[in-house]
Engineer: 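Dropping a structure here in C-alpha cells format, bear with me for questions.
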Amino acid sequence: MYRTKTCGELNIENIKEHVELAGWIQKIRDLGGMTFIDLRDEFGITQIVVNDEELKKFVKELHTESCIHIEGEVVERASKNPHMKTGDIEVVAEKIEVLGKCKNVLPFEINTDQEVREDLRLEYRFLDLRNEKLHNNILLRSKILKTIRDKMDELEFTEIQTPILANSSPEGARDYLVPSRLNPGEFYALPQAPQQFKQLLMVSGFNKYYQIAPCFRDEDPRADRAPGEFYQLDFEMSFATQEDVFKVIEEVVPYTFEKFTDWKVDKGPFVRIPYKEAMEKYGIDKPDLRNPLIIQDVTEVFKSSDFNAFKNKTIKAIIVPNGAEQGRKFFDKMGEFATTEEVGAKGLAWTKLDNEGNVQGGIAKFITDEIKEKLEKDFGLEKNASIFFIADEFEKAQKIAGLVRIELGKRLDLIEKGVYKFCFIVDFPMYELSDEGTIDFSHNPFSMPQGGIEALENKNPLDILAYQYDLVCNGYEMASGAVRNHDPEIMVKAFEIAGYSEEDVKNRFGALYNAFQYGTPPHAGAAPGIDRMIMLIADSQNIREVIAFPKNKRARDLLMRAPSVVTEQQLKDVHIKLDLDKK
C-alpha cells in the first residue's frame with residue numbers, strides 16, 4: 001500500500017497520526033532551515049515539511065510533477081491556511097520515495113493562470129488533465145452520467161447497447177466508413193446515432209430503452225460541438241406521444257442540473273415555441289431566452305419610405321430599451337460586426353429616441369412622424385431607446401437579425417446571469433430546399449409528418465410540419481427528438497418526396513422497412529447531448545474542456561496522433577488501394 005490517507009482528507013483530528021501519502025509534487029519551497037513540499041493528489045493538497053538534512057538534499061534533486069511517496073507524522077500548522085482543506089495541519093516527512101520521475105522541463109506549467117496554446121495542451125493531455133479545473137470537469141462528468149443512469153432506472157427505462165459497426169444512413173452528416181476485410185468492397189459505417197436500432201427495439205416489444213450512446217459524424221468542429229464523436233442520452237418509448245417525451249426530459253434534465261449547480265434552473269413544463277415563431281422572434285431555432293431582446297418585422301411600416309436600402313426588402317427591427325445612452329462609437333462597432341463575412345449584412349441601419357422622444361442619429365431623416373408613430377404604437381418604441389434595422393431577402397434578414405440580437409445582448413450585458421432557461425422548439429418543417437433546389441429532409445428523416453399520409457399526398461412539401469422537437473438551453477441545442485414514423489406506407493411516401501424510391505428505402509433501411517410490416521407500436525424519443533449538458537453545467541465555453549481526450553479543431557487527436565498513415569499490408573487486408581493526389 002502506497003498510502004493510508006489521501007492528500008485531501010487530513011485535518012486537525014489526525015494530529016500525531018503516522019500516515020503514508022502519495023501524489024505529485026505541485027511546489028517545492030526551500031527556505032533554508034526547512035523545505036516545504038505541496039503534495040497533490042485527486043483529493044487535495046497537503047503541505048509536507050522536510051527538516052531532516054539528508055531528506056532536504058534528496059528533495060533538491062526532485063522536480064515538480066514528480067510522483068512521490070512519503071511517510072511521516074501529522075502535526076498542527078503554526079501558520080494555518082484557511083484557503084486549503086488541509087490548511088490546519090502539515091506532515092513532517094520521515095521518509096520520501098520517488099515513484100515516478102518527471103523531466104526537469106515541463107511543456108507548460110500546471111495549475112497556473114498562464115495561457116497555454118490549446119494544441120500543446122492536447123498533445124500533452126495527460127499533463128493537462130492534472131489541472132484542477134479540467135480534472136474536476138472530468139470527475140463532474142462521471143457524477144453526471146451516474147445521476148442520469150440512476151434517474152433513467154428510476155423511470156423504469158432499460159439500458160441496452162446497440163452496435164457500433166452499423167450501416168451507412170443519410171442522417172444529416174457524413175458517415176465514418178469502416179472497410180470490411182471479410183466482405184471485400186463493402187463498408188460498415190459508424191452510427192451517426194442509434195436511430196434505427198432504437199426503433200427496432202420498440203418493434204421488438206421493449207417498453208422503454210435508453211443508453212449513453214456514442215455517435216460518430218464527420219462534421220466540422222465548433223466550440224460547442226466535438227468533431228468526430230460525441231455522446232448522447234438516447235432514449236425511446238413505445239406507445240408514446242410528444243407529450244410523453246417532454247415529461248421525461250422535464251423530469252431528467254432539471255433534476256440533473258439542480259444536483260450540480262447553484263444556478264436557478266427552469267422547472268417543467270418548459271416553454272414551447274413553434275419553429276416559425278422562433279425564427280421570427282429570435283432569428284434562430286435555438287434562442288437564448290436569457291436575452292430579453294426580440295426581433296420584429298417592420299416591413300409594412302417602411303413600405304412607402306424613401307430610404308432606398310429598404311426598398312423591396314424584408315425589414316427586421318430590434319428595439320433596445322435605454323439603448324440611446326450608447327455613444328456613436330457603439331453603433332459604428334455594431335455596424336462593423338454586422339458586415340463581417342460571418343454575419344453577412346450589407347449594412348446595419350439604426351436610430352434612437354432621446355429623453356424628449358426626438359429621433360436622432362443614423363437614419364433619423366428617413367423616420368417620418370408617421371413611421372415613428374407606428375413604431376411607438378405597434379412595436380413598443382419608447383423614449384431613450386435605440387432601434388436597429390436589418391434589410392435583406394426574408395431568410396437572410398432573419399439570420400442576420402438573429403446574430404445581431406445575440407451580439408447586442410452580449411455587448412450591452414443584457415444576458416440574465418446565474419440561470420438555466422429551457423424551451424422546446426416544436427413544429428419543425430418536415431422538408432426544406434437543398435442548396436441545389438431539391439426537396440430534402442430538414443430534420444430527422446424518420447419523423448412522423450403532422451397530418452400523416454393525407455398531408456404527404458395533398459400539401460406542398462414545404463408546408464408540411466413534423467412531430468419533431470429540440471430542447472434548447474441558454475442558446476444551445478441540447479436535445480433533439482421526434483415522434484417516429486412507424487407506418488411503412490407513410491415512410492415510403494415521405495422518402496419518395498425527398499427523392500428516394502421504395503427500392504431505395506428497402507435497400508437503405510431494409511431492417512426498418514421489413515420490421516414495420518410486423519405490428520409496430522407508435523413510438524417516440526429524444527437524445528439530449530451529454531457533452532453539451534456537461535459543458536453547460538460546468539459553465540465552460542468550450543466543449544473540449546469536458547471531454548477527457550478530445551480532438552482539435554482539425555479533428556486530429558494530437559496525443560495519440562490520429563488519424564495516421566497505415567501500412568500497405570493493412571490496406572491490402574481490407575482491399576483498399578489509395579490514389580492520392582501527390583501535387
Side-chain angles (χ1 to χ4, degrees), residues 271 273-285 287-339 343-412 414-415 427:
V271 176
I273 306 173
Y275 170 83
K276 185 177 180 181
E277 180 185 333
M279 296 305 294
E280 288 174 350
K281 290 176 66 174
Y282 308 109
I284 195 169
D285 61 2
D288 187 347
L289 299 186
R290 299 172 304 165
N291 183 344
L293 300 178
I294 62 168
I295 301 164
Q296 301 184 80
D297 194 304
V298 295
T299 306
E300 289 299 314
V301 176
F302 286 90
K303 202 163 188 179
S304 58
S305 172
D306 294 330
F307 191 32
N308 287 330
F310 283 6
K311 289 189 181 299
N312 302 315
K313 301 281 178 62
T314 294
I315 306 163
K316 300 292 182 180
I318 302 172
I319 296 173
V320 182
N322 300 316
E325 298 171 357
Q326 301 298 321
R328 179 59 186 254
K329 186 177 180 180
F330 175 83
F331 294 96
D332 290 344
K333 289 290 184 184
M334 281 302 304
E336 291 173 12
F337 165 80
T339 53
V343 180
K346 296 181 178 66
L348 183 64
W350 62 275
T351 191
K352 58 184 180 180
L353 267 60
D354 64 17
N355 288 324
E356 303 299 321
N358 300 311
V359 182
Q360 295 182 340
I363 61 167
K365 66 180 180 180
F366 296 104
I367 307 298
T368 63
D369 289 342
E370 181 184 358
I371 289 174
K372 178 191 167 192
E373 185 178 338
K374 286 181 180 178
L375 291 173
E376 290 173 332
K377 181 181 178 182
D378 299 333
F379 298 92
L381 180 64
E382 297 178 342
K383 294 176 183 178
N384 204 34
S386 59
I387 180 168
F388 294 83
F389 301 98
I390 299 93
D392 216 306
E393 59 89 13
F394 179 74
E395 289 188 358
K396 194 170 181 182
Q398 276 190 336
K399 172 183 173 289
I400 294 169
L403 294 172
V404 169
R405 171 185 173 269
I406 292 170
E407 192 67 16
L408 283 170
K410 291 177 181 176
R411 295 194 183 195
L412 295 172
L414 300 175
I415 310 299
D427 299 339

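Heads up: numbering here begins at 1 and tracks the sequence. Just so it is clear, the structure is predicted and the values come from calculations on it, not from any experiment.
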Engineer: Tell me which pairs pass salt bridge (Lys or Arg N to Asp or Glu O under 4.0 Å) where either residue lies in residues 313-332, with sequence neighbours left out.
Structural biologist: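 Qualifying pairs: Asp297-Lys316, Arg328-Asp332.
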
Engineer: Calculate, to the nearest 0.5 Å, the distance between atoms CG and NZ belonging to Asn322 and Lys352 respectively.
Structural biologist: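 Those atoms lie 12.5 Å apart.
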
Engineer: Which value, rounded to the nearest 0.5 Å, describes the distance between Ile284 atom CD1 and Met279 atom CE?
Structural biologist: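 Reported to 0.5 Å precision, the distance equals 7.5 Å.
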
Engineer: Can you give me the closest heavy-atom contact between Phe388 and Met334, atom names plus distance?
Structural biologist: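 The pair with the smallest heavy-atom distance is CE2-CB, 4.2 Å.
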
Engineer: Which heavy atom of Ile319 sits nearest to which heavy atom of Leu381, and what is that distance?
Structural biologist: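 Between these two residues, the closest heavy atoms are CD1-N, 3.8 Å.
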
Engineer: Kindly give the heavy-atom pair with the smallest separation between Ala338 and Leu348, and that separation in Å.
Structural biologist: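 Ala338 and Leu348 have their closest heavy atoms at CB-CB, 3.9 Å.
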
Engineer: What pair of heavy atoms forms the shortest contact from Thr299 to Ile315, and how long is it?
Structural biologist: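 Smallest heavy-atom distance, with atoms named: OG1-N, 2.9 Å.
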
Engineer: Could you walk me through whether Val320 and Leu293 satisfy the side-chain contact (heavy atoms from CB on, under 4.5 Å) test, starting with their C-alpha distance in whole Å, then the side-chain angles of each, then the deciding distance to 0.1 Å, before giving a yes or no?
Structural biologist: CA-CA 7 Å; Val320 182; Leu293 300 178; 4.2 Å; yes

Engineer: Determine, stepwise, if the pair Ile295 / Glu280 fulfils side-chain contact (heavy atoms from CB on, under 4.5 Å).
Structural biologist: CA-CA 7 Å; Ile295 301 164; Glu280 288 174 350; over 6 Å; no

Engineer: Could you name each residue pair satisfying ring pair (Phe, Tyr, Trp, His ring centres under 6.0 Å) that touches residues 309-328, not counting sequence neighbours?
Structural biologist: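 Applying ring pair (Phe, Tyr, Trp, His ring centres under 6.0 Å) to every pair that reaches into residues 309-328, excluding sequence neighbours, yields Phe302-Phe310, Phe307-Phe310, Phe310-Phe389.
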
Engineer: For Ser386 and Gly323, which heavy atoms make the closest approach, and how far apart are they?
Structural biologist: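 Minimum heavy-atom separation between Ser386 and Gly323: OG-CA, 3.3 Å.
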
Engineer: Heavy-atom distance under 4.5 Å between the side chains of Phe330 and Leu408, does that happen here?
Structural biologist: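 With C-beta onward as the side chain, the pair touches.
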
Engineer: Please give me the minimum heavy-atom distance between Glu376 and Leu353, naming the atom from each residue.
Structural biologist: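 Scanning both residues, the minimum pair turns out to be OE2-CD2, 3.6 Å.
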
Engineer: To the nearest 0.5 Å, how far apart are CD in Gln296 and NZ in Lys281?
Structural biologist: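 The CD atom of Gln296 sits 9.5 Å away from the NZ atom of Lys281.
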
Engineer: What do you reckon, is NZ of Lys410 surrounded by more than 12 foreign heavy atoms closer than 6.0 Å?
Structural biologist: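 Check fails, neighbour count at 12 or below.
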
Engineer: Not counting sequence neighbours, which residues clear side-chain contact (heavy atoms from CB on, under 4.5 Å) with Glu356? List them please.
Structural biologist: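 Glu356: side-chain contact (heavy atoms from CB on, under 4.5 Å) contacts with Asp354, Asn358.
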
Engineer: Can you check side-chain contact (heavy atoms from CB on, under 4.5 Å) on Val298 and Leu375, steps first, answer last?
Structural biologist: CA-CA 8 Å; Val298 295; Leu375 291 173; 4.0 Å; yes

Engineer: Does atom CD of Gln360 have more than 12 heavy-atom neighbours, drawn from other residues, nucleotides or ligands, at distances under 6.0 Å?
Structural biologist: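 Yes, the 6.0 Å shell around CD holds more than 12 heavy atoms from other groups.
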
Engineer: Show me the donor-acceptor pairs within less than 3.5 Å that the side chains of residues 361-372 make with the rest of the protein, sequence neighbours left out.
Structural biologist:
from: Thr368; atom 1: OG1; to: Ile371; atom 2: N; distance (Å): 3.1
from: Lys372; atom 1: NZ; to: Gly357; atom 2: O; distance (Å): 2.7

Engineer: Keeping to residues at least two apart or across chains, list the salt bridge (Lys or Arg N to Asp or Glu O under 4.0 Å) pairs with something in residues 388-407.
Structural biologist: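 The answer is Lys346-Asp392, Glu407-Arg411.
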
Engineer: Partners of Leu289 by side-chain contact (heavy atoms from CB on, under 4.5 Å), sequence neighbours excluded?
Structural biologist: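 side-chain contact (heavy atoms from CB on, under 4.5 Å) list for Leu289, sorted by chain: Ile273, Tyr282, Pro287, Lys421, Cys423.
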
Engineer: From Lys276 NZ over to Asp285 CG, what is the distance, rounded to the nearest 0.5 angstrom?
Structural biologist: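 Lys276 atom NZ to Asp285 atom CG measures 15.5 Å (nearest 0.5 Å).
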
